[in-house]
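Report on the following structure.
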Protein chains: 2
Amino acid sequence: MTGSQETWLPQPDLDAIDVGTVLQALADPVRLQIVRALDAVGESTCSALDVPVKVSTVSHHVHILRRAGLVSTRLDGTSRPSRLRREELERRFPGLLDAILHAPPPAPPREP
Amino acid sequence: MTGSQETWLPQPDLDAIDVGTVLQALADPVRLQIVRALDAVGESTCSALDVPVKVSTVSHHVHILRRAGLVSTRLDGTSRPSRLRREELERRFPGLLDAILHAPPPAPPREP
DNA sequence: CGGAAGTTACGACATTAATCGTAATAGTAG
DNA sequence: CTACTATTACGATTAATGTCGTAACTTCCG
């Protein structure tokens with residue numbers, strides 16, 4: 001049919017992931033920024049992400065996100081674009097990802 | 001009427017709290033355990049919580065949770081019982097606390 | 001086949017954070 | 001007023017973790 005036959009980097013079964021692992025993965029500001037960026041663009045490689053750290057560090061963070069079950073990475077030639085595991089996460093932790101991604105930004109401190 | 005006149009430890013305005021701060025506070029296993037315990041019993045002091053660390057460490061973790069806007073602490077004589085800021089958290093981050101507290105435990109790895 | 005580009009694994013360094021023991025503080029009962 | 005209890009602030013130690021530079025690896029294209 002489609003003949004897509006895509007290959008993916010090995011990723012954990014979400015049922016075996018504890019919610020604490022997910023929270024720990026999302027605790028880092030850079031990783032949260034990566035998750036938000038992936039939510040916005042849908043799919044991206046490490047080098048294409050606009051984050052204030054070096055590419056090798058981005059790769060490290062994406063690796064942690066993948067181990068925590070948050071993203072899946074596709075093999076496409078020399079490129080390895082990653083995306084959020086939306087549907088699976090919604091089934092495993094209903095409402096969690098949405099609650100985090102749609103959280104309103106903090107109000108600035110009141111100035112006199 | 002009731003004349004309760006309760007006093008509380010200073011706590012931040014939830015509107016000024018970033019979701020990243022909340023996630024970072026919940027990232028530690030001990031703190032997540034504390035939050036679950038408070039969810040179960042409603043209110044508790046540091047020394048009454050059943051966690052595998054010393055009381056001074058529990059106090060440290062509760063302090064972090066309070067700074068992150070997750071718990072509020074009441075002054076009651078020599079006792080300082082803390083509780084979750086449920087309603088406020090629900091208004092600030094709808095669905096977040098429930099998603100975390102009601103997350104199903106991980107499935108054990110398949111054994112042959 | 002060989003050069004070029006993108007990605008990640010590896011090792012090292014710096015920073016952060018968790019934990020504990022002890023001391024200081026505040027309230028309560030006798 | 002004094003002894004006792006509960007809590008937290010403080011300082012020190014140890015364990016994690018984020019960051020980077022470099023090298024190795026894979027794929028694509030001429």
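A, B, ... follow the sequence lines: proteins, then strands. Residue 1 opens every chain.
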Considering all heavy atoms, the nearest B/Leu32-A/Gly20 contact: CD2-CA, 4.0 Å

Between the axis at one end of the helix from C/dC1-D/dG30 to C/dG30-D/dC1 and the axis at the other (five pairs apiece), what's the angle to 10 degrees? 30°

Straight-line distance of A/Ile34 CD1 to A/Asp50 CG, nearest 0.5 Å: 11.0 Å

Residues in contact with DNA chain D, drawn from residues 37-61 of chain A - heavy-atom cutoff 4.0 Å: A/Val53, A/Lys54, A/Ser56, A/Thr57, A/His60, A/His61

Report yes or no: does A/Glu90 contribute a side-chain atom to a donor-acceptor pair with the main-chain N or O of A/Gly95 at less than 3.5 Å? yes

All side-chain hydrogen bond (donor to acceptor under 3.5 Å, both in side chains) counterparts of B/Gln24, not counting sequence neighbours: none

Among B/Arg86, B/Arg85, B/Arg83, the one residue meeting salt bridge (Lys or Arg N to Asp or Glu O under 4.0 Å) with B/Glu43: B/Arg83

Quick check: closest heavy atoms across B/Leu23 and A/Ala27, and the distance to 0.1 Å? O-CB, 4.1 Å

What is the distance from atom NE2 of B/His60 to atom CG of B/Leu65, rounded to the nearest 0.5 Å? 10.0 Å

Please enumerate all residues that pass salt bridge (Lys or Arg N to Asp or Glu O under 4.0 Å) together with B/Arg67, with sequence neighbours excluded. none

Separation of A/Ile64 atom CD1 from C/dA9 atom C1', in whole Å? 14 Å

Given DNA chain D, 5'-ward residue of the pair B/Thr78 and A/Thr78, judged by closest heavy atom: B/Thr78

Tell me the closest heavy-atom pair linking B/Leu89 and B/Leu14, and the distance in Å. N-CD1, 3.6 Å

Contact check, residues 22-32 of chain A vs DNA chain D, heavy-atom distance under 4.0 Å, returns A/Gln24, A/Asp28, A/Val30, A/Arg31

Which nucleotide span of DNA chain D, 5' end to 3' end, has atoms closer than 4.0 Å to non-hydrogen atoms of chain B? D/dA6 to D/dA9

Between the side chain of B/Arg92 and the main-chain N/O of B/Ile17, is any donor-acceptor distance below 3.5 Å? yes

Under 3.5 Å, side chain of A/Arg31 to main-chain N/O of A/Ala25, donor-acceptor pair present? yes

